[in-house]
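Quick caveat, the model's predicted, so the values are computed rather than measured. By convention in this document, chain letters (A, B, ...) are assigned in the order of the sequence lines, proteins followed by strands, and residues within each chain are numbered from 1.
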2 protein chains.
Amino acid sequence: MVPKPALERLCRIYTSLEEMDTAASVYASSRELEDMTGIPAHTLRKDISYLDQPGPGGGKYRVERLMAVLEQTLGLKRRPKVCVAGLGPLGQLCLKMLCSRREFEVVAGFDANINVIELTESDVDLFPSYELPAVARARGIELAVLTVADGEVEKTAARLYDGGVRGILNYTGVTVPPEYGFDVRSVSLFEELRILAAGLRAAEK
Amino acid sequence: MVPKPALERLCRIYTSLEEMDTAASVYASSRELEDMTGIPAHTLRKDISYLDQPGPGGGKYRVERLMAVLEQTLGLKRRPKVCVAGLGPLGQLCLKMLCSRREFEVVAGFDANINVIELTESDVDLFPSYELPAVARARGIELAVLTVADGEVEKTAARLYDGGVRGILNYTGVTVPPEYGFDVRSVSLFEELRILAAGLRAAEK
DNA sequence: ATGTGTGAATTTATTCACAGCT
DNA sequence: AGCTGTGAATAAATTCACACAT
């Protein structure tokens, strides 16, 4: 079983591998990856050793192969099905970004306001919020990007749960109710800045 | 010295306290906070015990007091000085959100494109990117919200470093170069979704 | 010679359990 | 009686160090 912090680091590593010019550098050592990611080389090797098939014992990692193994073990190749709940400016931005790459399958967008749904242009099917549970179930949505107004988080969480959604990327400023057992990653502007501020303060002392 | 994971949880706790109706509930027990945050009661008590002055031994926490102590110990009361680098749609959104509350002192916005600077309406002073180091130094900016295009991250990071900025909230899709020793929190749409996807996959097995 | 893979050692974080306060 | 605060016990993650592959 791979430790959760290792899982996060592996995703960071994947991001860094993506940034590499695959043509220019076919191989990368753990030391080189350390310089790119900031993750110490030994931690990084340990993390990679959790994968089903790590590198080939001796010699550097073959970038392409490593990415393939990461995609495999981390389940990235499956194109997980994702929706966007809340189509304000931020939600629309997320929708656009998600559509700009093939990585995830963007299955639906939801908003409480029907006008928004009619006025928004998108390749993705848009629905009023109350249809969320039915649509999510019918289409097998696994992940949601939560960009609703703070006041709607509670109701939306309940609907996502009814729809069988398992993981939430929470862009709102409030806490996703924990009782549903979602896997949540929170990305609140203020909370993240607070953590940074607290870190600075802690470093000083 | 307070462990870093504890620090993050304390910030989450602070967020949840904020959400409480302070008039309605003056006191909160660790158990009640568990229900709100999802953090187990004993973890939460331990975390709070790291603070300079935790609660009053017996009885529940006084919400107002606990928030005050958190603000104190986490350095939130100082109104840390923050800037936004990159004034595309996301950057402008962040700028607006930051200005809507008094919590941080929003000191400046930066963009490579001078037209953007002239056309954007904001209470905050806006500058072209090359002035970043000088302005950041002159105004004592500590934190930056990084919302530039992916291709500009490297150059911007160098400028932030020259400006004496210590922490970065990274909204871009690429890694902030680690060599400057920034305290970074990354909030990349794709990377976060990948972590969620990997988590689901790991849970299945 | 250089660089990975991994068990063992060490460090760090979480959980427990209970003394002490209200 | 109920709840916090915290040292001690447990669990988890990181770092080390070296065998082994290229």
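When every heavy atom of Y171(B) is checked against every heavy atom of V187(B), the shortest pair comes out as CE2-CG1, 3.6 Å.
In terms of the ring pair (Phe, Tyr, Trp, His ring centres under 6.0 Å) criterion, residue partners of F127(B) (sequence neighbours excluded) are, by chain and number, F110(B). For the side chain to side chain donor-acceptor pair (under 3.5 Å) test, residues two or more places apart in sequence or in another chain that qualify with N170(B) are T172(B), S186(B). For T15(B), the side chain to side chain donor-acceptor pair (under 3.5 Å) test picks out E191(A), R194(A), with sequence neighbours left out. The side chain to side chain donor-acceptor pair (under 3.5 Å) search around Y14(A) returns E71(A), not counting sequence neighbours. With sequence neighbours excluded, no residue forms a side chain to side chain contact (heavy atoms under 4.5 Å, CB included) with E64(A). In this view, D183(B) satisfies the salt bridge (Lys or Arg N to Asp or Glu O under 4.0 Å) rule with no residue, not counting sequence neighbours. Take F182(B) and apply the ring pair (Phe, Tyr, Trp, His ring centres under 6.0 Å) test, not counting sequence neighbours, and it matches Y180(B). With sequence neighbours excluded, the residues forming a side chain to side chain donor-acceptor pair (under 3.5 Å) with S16(B) are T175(A), listed by chain and number.
Straight-line distance from the CD atom of E34(B) to the C1' atom of dG2(D): 16 Å, rounded to whole Å. As a whole-Å value, the separation of L44(B) CG from dC3(D) P is 14 Å.
Scanning DNA chain C 5' to 3' for nucleotides with an atom closer than 4.0 angstrom to a non-hydrogen atom of chain B gives a first and last hit of dA13(C) to dT22(C).
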Output one line per pair: protein atom, nucleotide atom from nucleotides 12-14 of chain D, and distance, for all N/O pairs under 3.5 Å.
{"unit_1": "dT14(D)", "atom_1": "OP1", "unit_2": "R9(A)", "atom_2": "NH1", "d": "2.6"}
{"unit_1": "dT14(D)", "atom_1": "OP2", "unit_2": "R9(A)", "atom_2": "NH1", "d": "3.4"}
{"unit_1": "dT14(D)", "atom_1": "OP2", "unit_2": "R9(A)", "atom_2": "NH2", "d": "2.6"}

Are any protein N/O atoms closer than 3.5 Å to N/O atoms in nucleotides 19-22 of chain D? If there are, list each pair with its distance.
none

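Applying the 4.0 Å criterion to OP1 and OP2 of dG2(D), one finds that Y61(B) has every side-chain N and O outside that range.
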Pair up each side-chain donor or acceptor in residues 140-156 of chain A with any protein partner under 3.5 Å, not counting sequence neighbours, and list the distances.
{"unit_1": "E142(A)", "atom_1": "OE2", "unit_2": "K81(A)", "atom_2": "N", "d": "3.2"}
{"unit_1": "T147(A)", "atom_1": "OG1", "unit_2": "A85(A)", "atom_2": "O", "d": "3.1"}
{"unit_1": "T147(A)", "atom_1": "OG1", "unit_2": "G86(A)", "atom_2": "O", "d": "2.6"}
{"unit_1": "D150(A)", "atom_1": "OD1", "unit_2": "G173(A)", "atom_2": "N", "d": "3.2"}
{"unit_1": "T156(A)", "atom_1": "OG1", "unit_2": "E152(A)", "atom_2": "O", "d": "2.6"}

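Closest to the S29(B) side chain, of the nucleotides dA17(D), dG5(D), dC3(D), is dC3(D).
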